[in-house]
Structure formats: structure tokens, C-alpha cells
Amino acid sequence: MLDKGAHVFQVCRWMARAREAAWKLSDLVRMRKERILNAGNPVGYLVGLLKAAENGEKITDYAPGAMDTVADEIRAANARKHQEEKEAAMRRLEYTLVEWASPGGLRWVRTEKNAENGRMYLENPMVDPTAVPKEAISVKLLDSYVQAGSAKVIFDYGPSYAEDNSQGLELIQQSVRNISRR
């Protein structure tokens, strides 16, 4: 990078920034060597790559021809980030009942494991067991409301559900063992 116009002090700062982002600058350079060397502004490309690492974007090996333009690369990075955020929200809110102070009034949203959407109720389904869901809401959107404080988890029904499943599974396994002994 020094013969491409970078100064020694810049490289040292980049190394420190990369370490703070849990990377080694040499690894980033090695992974994208072809792209850096072929870039019109190699120093700018490396700085952009370093910023992506600092922002927590997934940095992968670049295979020439896999991405035709920088715009394609940015779109792919944004799609990966959106998918990771959605999966994280699904893990955080699995098996919960969330009370949401929506603009239309209080709503209750019940979420399931690995579900992208929660079921929204106009009445609290714990108070009124006959309540039926009216519509769906994205778990990622609901998670943003929880993070902002306009929604809160009021009930977590995952542990009891998992316990019921494990007891049932244990009975099945015991039955299989008894059958195999005969």
C-alpha cells in the first residue's frame, strides 16, 4: 500500500482500527488483494473495506467475477445484514407475548420459534383465551419497537413449552427402549 500512495502512519492507524474491529489488516488485504490492486483508488477501496469491517459487515473472500460492480457488493452486504438482523430478532423474541403501544392503541403480539411474523391481537390472549389474531407483524419490526421502548415482552412461554416437549420426548424414548428390550 505504501507504493500505492499510503503513508506509514496511515497504515499504522488502519492496523489499529482493524484490531479494534477484531480483524488483522493483513487478512483484509489478503482476502481482497485482487480487488485492491485493480481498484482505481486502492487506498480508498481499502479504507472502505476497513469501514465495512468496523460496521460489523460480513467480510468474505472475493472471487473475481462474482460481483460485477461495487453497487452489487453493497446490495449483497445490505441483504446479508438485513437477514442477520431478522434472525437475531427472531431469536430474541421467540416464544413471547409482547404488549405494543401502537398508534391505534394497545396491541398484543404472540411470536413463535423461527417465525418471521408474529400474530397480532386486539385483546390480550392471556386474559381472553377466545381472542383471535387480526393480522401479522414482522418480528424484526416488532423487535425495533421493543428496542425503542414502545413495546415490551410481558410473557415468555418458551420454557414451559420446551419442558412439555422434553417430557414427551423422554416418554417416547423410554417406550422405544422398552420395545427394543423385548
Side-chain angles (χ1 to χ4, degrees), residues 1-101 109-118 136-159 161-163 165-166:
M1 292 309 299
L2 296 175
D3 53 337
K4 297 285 185 187
H7 296 281
V8 173
F9 295 112
Q10 282 180 312
V11 174
C12 291
R13 278 193 300 245
W14 295 338
M15 290 170 66
R17 286 174 57 188
R19 258 193 319 275
E20 288 175 8
W23 282 92
K24 285 178 138 181
L25 185 63
S26 59
D27 290 341
L28 290 172
V29 170
R30 209 174 293 119
M31 289 172 69
R32 297 290 180 96
K33 181 180 177 181
E34 293 296 320
R35 265 312 260 238
I36 292 169
L37 293 176
N38 294 331
N41 179 3
V43 172
Y45 184 85
L46 180 60
V47 170
L49 182 62
L50 185 56
K51 284 182 184 177
E54 288 174 326
N55 291 335
E57 295 179 24
K58 187 175 180 182
I59 309 294
T60 59
D61 287 328
Y62 176 78
M67 301 274 182
D68 295 329
T69 65
V70 173
D72 289 339
E73 196 167 332
I74 291 170
R75 270 194 296 279
N78 287 338
R80 282 191 306 270
K81 184 177 179 185
H82 176 77
Q83 183 65 28
E84 289 167 359
E85 288 172 352
K86 183 173 71 173
E87 289 170 0
M90 289 165 59
R91 280 191 303 275
R92 275 192 296 272
L93 292 180
E94 66 184 22
Y95 297 124
T96 57
L97 182 64
V98 177
E99 187 175 70
W100 171 39
V109 182
R110 187 172 177 169
T111 62
E112 300 288 336
K113 183 177 179 130
N114 298 327
E116 293 182 14
N117 297 309
I137 184 172
S138 159
V139 171
K140 185 178 176 200
L141 179 63
L142 183 64
D143 186 53
S144 70
Y145 292 141
V146 170
Q147 300 298 324
S150 65
K152 62 182 178 183
V153 175
I154 59 171
F155 187 66
D156 182 354
Y157 58 95
Y161 178 79
E163 288 170 7
N165 275 349
S166 64

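Between the side chain of Ser138 and the backbone N or O of Asn117, no donor-acceptor pair lies under 3.5 Å. Side-chain N or O atoms of Glu84 include none that pairs as donor or acceptor with a backbone N or O of Lys81 at under 3.5 Å. No donor-acceptor pair closer than 3.5 Å links the side chain of Thr96 to the backbone N or O of Thr111.
Counting heavy atoms from C-beta on, the side chains of Glu112 and Glu94 never come closer than 4.5 Å. Val98 is not listed as a side-chain neighbour of Ile154, based on a closest heavy-atom distance of 4.5 Å or more.
Remark: Arg110 is positioned above the aromatic ring of Tyr157, its terminal NZ or CZ atom under 6.0 angstrom from the ring centre and at most 45 degrees off the axis.
Atoms CG and CH2, from Leu46 and Trp14 in turn, are 5.0 Å apart once rounded to the nearest 0.5 Å. Within the model, atoms CZ of Arg19 and CH2 of Trp23 stand 15.5 Å from one another, a figure rounded to the nearest 0.5 Å. In this structure, Met31 CE and Ile36 CD1 are separated by 10.5 Å, a value rounded to the nearest 0.5 Å. A distance of 11.5 Å separates CE in Met15 from CG in Leu50, rounded to the nearest 0.5 Å. With values rounded to the nearest 0.5 angstrom, Arg91 atom CZ is found 9.5 Å from Asn114 atom CG.
A search for salt bridge (Lys or Arg N to Asp or Glu O under 4.0 Å) contacts involving Arg17 returns Glu54, not counting sequence neighbours. With sequence neighbours excluded, the residues satisfying salt bridge (Lys or Arg N to Asp or Glu O under 4.0 Å) with Glu85 are Lys140.
In terms of heavy-atom proximity, Ala18 sits nearest to Leu28 at CB-CD1, 4.5 Å. Ala21 and Ala53 make their closest contact through CB-O, 3.8 Å (heavy atoms, listed as atom of the first residue, atom of the second, distance). Smallest separation of non-hydrogen atoms from Val11 and Leu25: O-CD2, 4.0 Å.
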>> Show, in sequence, the C-alpha distance, side-chain angles and deciding distance for Arg32 and Tyr45, and conclude whether the side chain to side chain donor-acceptor pair (under 3.5 Å) test is met.
In response: CA-CA 10 Å; Arg32 297 290 180 96; Tyr45 184 85; 2.9 Å; yes
> Where do Met90 and Val139 land on the side chain to side chain contact (heavy atoms under 4.5 Å, CB included) test, with the steps shown first?
Replying inline: CA-CA 6 Å; Met90 289 165 59; Val139 171; 4.1 Å; yes
Would you list the atom pairs, donor with acceptor, under 3.5 Å between side chains in residues 143-151 and any protein atom, with sequence neighbours excluded?
from: Asp143; atom 1: OD1; to: Arg92; atom 2: NE; distance (Å): 3.2
from: Asp143; atom 1: OD1; to: Gln147; atom 2: NE2; distance (Å): 3.4
from: Asp143; atom 1: OD2; to: Arg92; atom 2: NE; distance (Å): 3.4
from: Asp143; atom 1: OD2; to: Arg92; atom 2: NH2; distance (Å): 2.4
from: Ser144; atom 1: OG; to: Leu141; atom 2: O; distance (Å): 2.5

